[in-house]
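Read the structure below first, then the notes.
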Amino acid sequence: MNLLSGKQKKFLKTKAHNMRPIFQVGKEGVSDKWVEQIKNALDRRELIKINVLQGSDFEASEVSDYLTENTDIIVVQVIGHVLVLYRQSSKVENREISAELQNF
């Protein structure tokens, strides 16, 4: 699933509303190791928030563009310095959100 409908994005935004960012982008920016950690977290949770620190040399839009172009991660939303990321888990037992997402 690469593209999400408007209803699906709205559902994911609602799910992510009360979440706290669990990863940060700092001065070093985005590395292969960092992306691998993001993918591992998405395999467990399917939906996460990340925060681009104010001292970072990168903007949230740049991080969003990088992830969209170089990975299969879907950027659901960018608000200020916070990104909401989604990817269906490769593990069937962790697909709670993607199962709900199929209803939209």
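Since the model is a prediction, treat every value here as computed from it, not as a measurement.
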A side-chain contact here means heavy atoms from C-beta on lying under 4.5 Å apart; do Asp72 and Lys39 qualify?
yes
Could you go through residues 57-70 and list every donor-acceptor pair under 3.5 Å that involves a side-chain atom there, pairing it with any protein atom two or more places apart or in another chain?
unit_1: Glu62; atom_1: OE1; unit_2: Glu59; atom_2: N; d: 2.7
unit_1: Thr68; atom_1: OG1; unit_2: Ser64; atom_2: O; d: 2.8
unit_1: Asn70; atom_1: ND2; unit_2: Tyr66; atom_2: O; d: 3.0

Kindly work out whether a path of hydrophobic side-chain contacts (I/L/V/M/F/W/Y, heavy atoms less than 4.5 Å apart) joins Ile48 to Leu101.
no
Is the count of non-hydrogen atoms from other residues, nucleotides or ligands lying under 6.0 Å from Lys13 atom NZ greater than 12?
yes
With a 3.5 Å cut-off and sequence neighbours excluded, list the donor-acceptor pairs that the side chains of residues 15-38 form with protein atoms.
unit_1: Lys15; atom_1: NZ; unit_2: Glu100; atom_2: OE2; d: 3.4
unit_1: Ser31; atom_1: OG; unit_2: Trp34; atom_2: N; d: 3.1
unit_1: Trp34; atom_1: NE1; unit_2: Gln24; atom_2: O; d: 3.2

Are any of the side-chain heavy atoms of Tyr86 and Ile97 separated by less than 4.5 Å?
yes
Quick one: does Leu12's side chain get under 4.5 Å of Val84's, heavy atoms only?
no
Measure the spacing between CG of Asp43 and CG of Asn94 and express it to the nearest 0.5 Å.
7.5 Å
From CD (Glu96) to CD (Glu46), nearest 0.5 Å:
8.0 Å
Give me the other members of the hydrophobic cluster that Val82 sits in, counting Ile, Leu, Val, Met, Phe, Trp and Tyr linked by side-chain heavy atoms under 4.5 Å, directly or via other members.
none
To the nearest 0.5 Å, tell me how far Lys49 NZ sits from His81 NE2.
14.5 Å
If you take all heavy atoms of Lys91 and Arg95, which pair is closest and at what distance?
O-CG, 3.5 Å
Are Leu42 and Val76 linked, directly or through other ILVMFWY residues, by side chains that come within less than 4.5 angstrom of each other?
no
Taking side chain as C-beta onward, heavy atoms only, is Leu47 less than 4.5 Å from Leu85?
no
